[in-house]
Amino acid sequence: MNIFRLAGDMTHLASVLVLLLKIHTIKSCAGVSLKTQELYALVFATRYLDIFTSFVSVYNTTMKLIFLGSSFSIVWYIRRHRIVRRSYDKDQDTFRHYFLMLPCLLLALFIHEKFTFKEIMWTFSIYLEAVAILPQLVLLQRTRNIDNLTGQYVFLLGAYRALYILNWIYRYMTEPHYVHWITWIAGTVQTLLYADFFYYYFESWKNNVRLQLPA
């Protein structure tokens, strides 16, 4: 654990809390992509298969449970909550997210560190997380006007990944033999997907105007 890893984890946690705050208190999921949330639920479900078989620390297990529980809760809210689901714009959230799953699975089957079921699923989750934000970004481009909480949610998600890159750099410089090419490349791709959003987010903040993404 180092300051960059801790900051990344806390930023990731903050992004989830912001989204849950919006959905639970405002009873609205306007501007939120169910497709992205389903992908994240799958990411955590396949990444944390070892949650009951491999204990690292109380912190590690707690964070796993939080991300698993929150991701499935968000999906439930959007799909099943009698009030929240009315605000879901399924006509705009049309990204075919299923087409992201198969390439990520095939890539995990061919490019991995160890050919075991858990390792393949873990690698699949890494690849899938790298592109899981795409339906959300496409939805924001279509809806144009983005409310503050949704914008903060996406910004915090991107910041979490950027902080993890700093964590990897720090560990590479301080730990001998620390090399994880799969995680590094997937994480860099994921961060780059946020670049356009970051630009318009900071522009809106600087000019004190409502965040909008170009169509």
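FYI, side chains are in, hydrogens and waters are out, and symmetry mates aren't considered; it's all heavy atoms of this structure. In this text, all values refer to a predicted model and were calculated from it rather than measured experimentally.
Enclosure of atom CH2 in Trp205 is not indicated, since only 12 or fewer non-hydrogen atoms of other residues, nucleotides or ligands lie within 6.0 angstrom. Within 6.0 Å of OH in Tyr199 there are 12 or fewer heavy atoms belonging to other residues, nucleotides or ligands. Atom OH of Tyr59 is surrounded by more than 12 heavy atoms from other residues, nucleotides or ligands within 6.0 Å. Taking a 6.0 Å sphere around CE of Met173, one finds it holds 12 or fewer heavy atoms contributed by other residues, nucleotides or ligands.
Cluster partners of Phe55, using a side-chain heavy-atom cutoff of under 4.5 Å among ILVMFWY residues and allowing indirect links, are Val58.
Between the CE atom in Met121 and the CG atom in Leu42 there is a gap of 8.5 Å [rounded to 0.5 Å]. Atom CD1 of Ile83 is separated from atom CD1 of Ile23 by 13.5 Å, given to the nearest 0.5 angstrom. Note that CZ of Arg85 is 10.5 Å distant from NZ of Lys90, once rounded to the nearest 0.5 Å. With rounding to the nearest 0.5 Å, the separation of CG in Asn167 from CE in Met1 is 8.5 Å. Between atom CZ of residue Arg171 and atom CZ of residue Phe4 there is a gap of 13.0 Å, rounded to the nearest 0.5 Å. The line from CD1 of Ile111 to CG of Leu106 is 11.0 Å long, rounded to the nearest 0.5 Å.
Note on ring orientation: taking the six-membered ring where Trp is involved, the planes of Trp168 and Tyr164 are perpendicular (angle over 60°, cut-offs 30° and 60°).
Here the shortest heavy-atom pairing between Leu211 and Gly151 reads CD2-CA, 4.2 Å. Nearest heavy-atom pair, Ser15 versus Leu157, reported as atom, atom and distance to 0.1 Å: OG-CD2, 3.6 Å. In terms of heavy-atom proximity, Tyr200 sits nearest to Leu213 at CB-CD2, 3.8 Å. Minimum interatomic distance between Leu140 and Gly31 (heavy atoms only, all atoms of both residues): CD2-O, 3.7 Å.
Counting heavy atoms from C-beta on, the side chains of Val84 and Ser28 never come closer than 4.5 Å. Counting heavy atoms from C-beta outward, Leu128 and Leu39 have side chains that approach closer than 4.5 Å. Residues Tyr160 and Leu156 are not in side-chain contact: their nearest non-hydrogen atoms beyond the backbone lie 4.5 Å or more apart. Thr46 places none of its side-chain heavy atoms less than 4.5 Å from the side chain of Trp122.
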I would like to know whether Tyr77 and His24 meet side-chain hydrogen bond (donor to acceptor under 3.5 Å, both in side chains); could you show each step before the answer?
CA-CA 8 Å; Tyr77 263 112; His24 183 70; 2.8 Å; yes
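Ser87 places a side-chain N or O within donor-acceptor distance of the main-chain N or O of Cys29, the cut-off being under 3.5 Å. Of the possible polar contacts, one joining the Thr36 side chain to the Gln136 backbone as a donor-acceptor pair under 3.5 Å is found. No donor-acceptor distance shorter than 3.5 angstrom exists from the side chain of Asn207 to the backbone of Val209, with no hydrogens or angles considered.
One hydrophobic cluster, built from ILVMFWY side chains closer than 4.5 Å, holds both Leu49 and Ile120. Note on Phe52: it clusters hydrophobically with Tyr48, by side-chain heavy-atom contacts below 4.5 Å among ILVMFWY residues. Under a hydrophobic clustering in which Ile, Leu, Val, Met, Phe, Trp and Tyr are joined whenever their side-chain heavy atoms come within less than 4.5 Å, directly or via other members, Ile146 and Ile133 fall into the same cluster. Note on Leu139: it does not cluster hydrophobically with Leu34, by side-chain heavy-atom contacts below 4.5 Å among ILVMFWY residues. Leu21 and Leu17 fall into different hydrophobic clusters, where Ile, Leu, Val, Met, Phe, Trp and Tyr side chains are chained together by heavy-atom contacts under 4.5 Å.
Residue pairs meeting the ring-ring contact (aromatic ring centres under 6.0 Å, His included) criterion with at least one partner in residues 88-114, sequence neighbours excluded, are His112-Phe115. Applying the salt bridge (charged side-chain N to carboxylate O under 4.0 Å, His left out) definition to pairs two or more places apart or across chains, none involves residues 95-118. A salt bridge (charged side-chain N to carboxylate O under 4.0 Å, His left out) check over residues 5-28, counting only residues at least two apart or in different chains, returns the pairs Arg5-Asp9, Lys22-Asp147.
Applying the salt bridge (charged side-chain N to carboxylate O under 4.0 Å, His left out) rule to Lys206 yields the partners Glu203; only residues at least two apart in sequence or on another chain are considered. Qualifying salt bridge (charged side-chain N to carboxylate O under 4.0 Å, His left out) partners for Lys35, counting only residues two or more places apart in sequence or in other chains: none. Residues forming a side-chain hydrogen bond (donor to acceptor under 3.5 Å, both in side chains) with Arg79 (at least two apart in sequence, or on another chain): Glu38. With sequence neighbours left out, the side chain to side chain contact (heavy atoms under 4.5 Å, CB included) criterion links Arg142 to Gln92, Thr94, Val138. Among residues two or more places apart in sequence or in another chain, the ring-ring contact (aromatic ring centres under 6.0 Å, His included) test is passed with Phe117 by none. The side-chain hydrogen bond (donor to acceptor under 3.5 Å, both in side chains) test applied to Ser33 returns Asp93, not counting sequence neighbours.
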Output a table of donor-acceptor pairs, distance under 3.5 Å, between side-chain atoms of residues 179-198 and any protein atom two or more places apart or on a different chain; print 'none' if there are none.
| unit_1 | atom_1 | unit_2 | atom_2 | d |
| --- | --- | --- | --- | --- |
| Thr188 | OG1 | Trp184 | O | 2.8 |
| Gln190 | OE1 | Arg161 | NE | 3.1 |
| Thr191 | OG1 | Gly187 | O | 2.8 |

Which atom pairs, donor and acceptor, lie under 3.5 Å between side-chain atoms of residues 63-75 and protein residues at least two apart or in another chain?
| unit_1 | atom_1 | unit_2 | atom_2 | d |
| --- | --- | --- | --- | --- |
| Lys64 | NZ | Asp50 | OD1 | 3.2 |
| Lys64 | NZ | Asn60 | OD1 | 3.2 |
| Ser70 | OG | Ile66 | O | 2.8 |
| Ser70 | OG | Phe67 | O | 3.3 |
| Ser71 | OG | Phe67 | O | 2.9 |
| Ser71 | OG | Leu68 | O | 3.0 |
| Ser73 | OG | Gly69 | O | 2.6 |

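Between Phe155 and Tyr201, a ring centre-to-centre spacing shorter than 6.0 Å is recorded.
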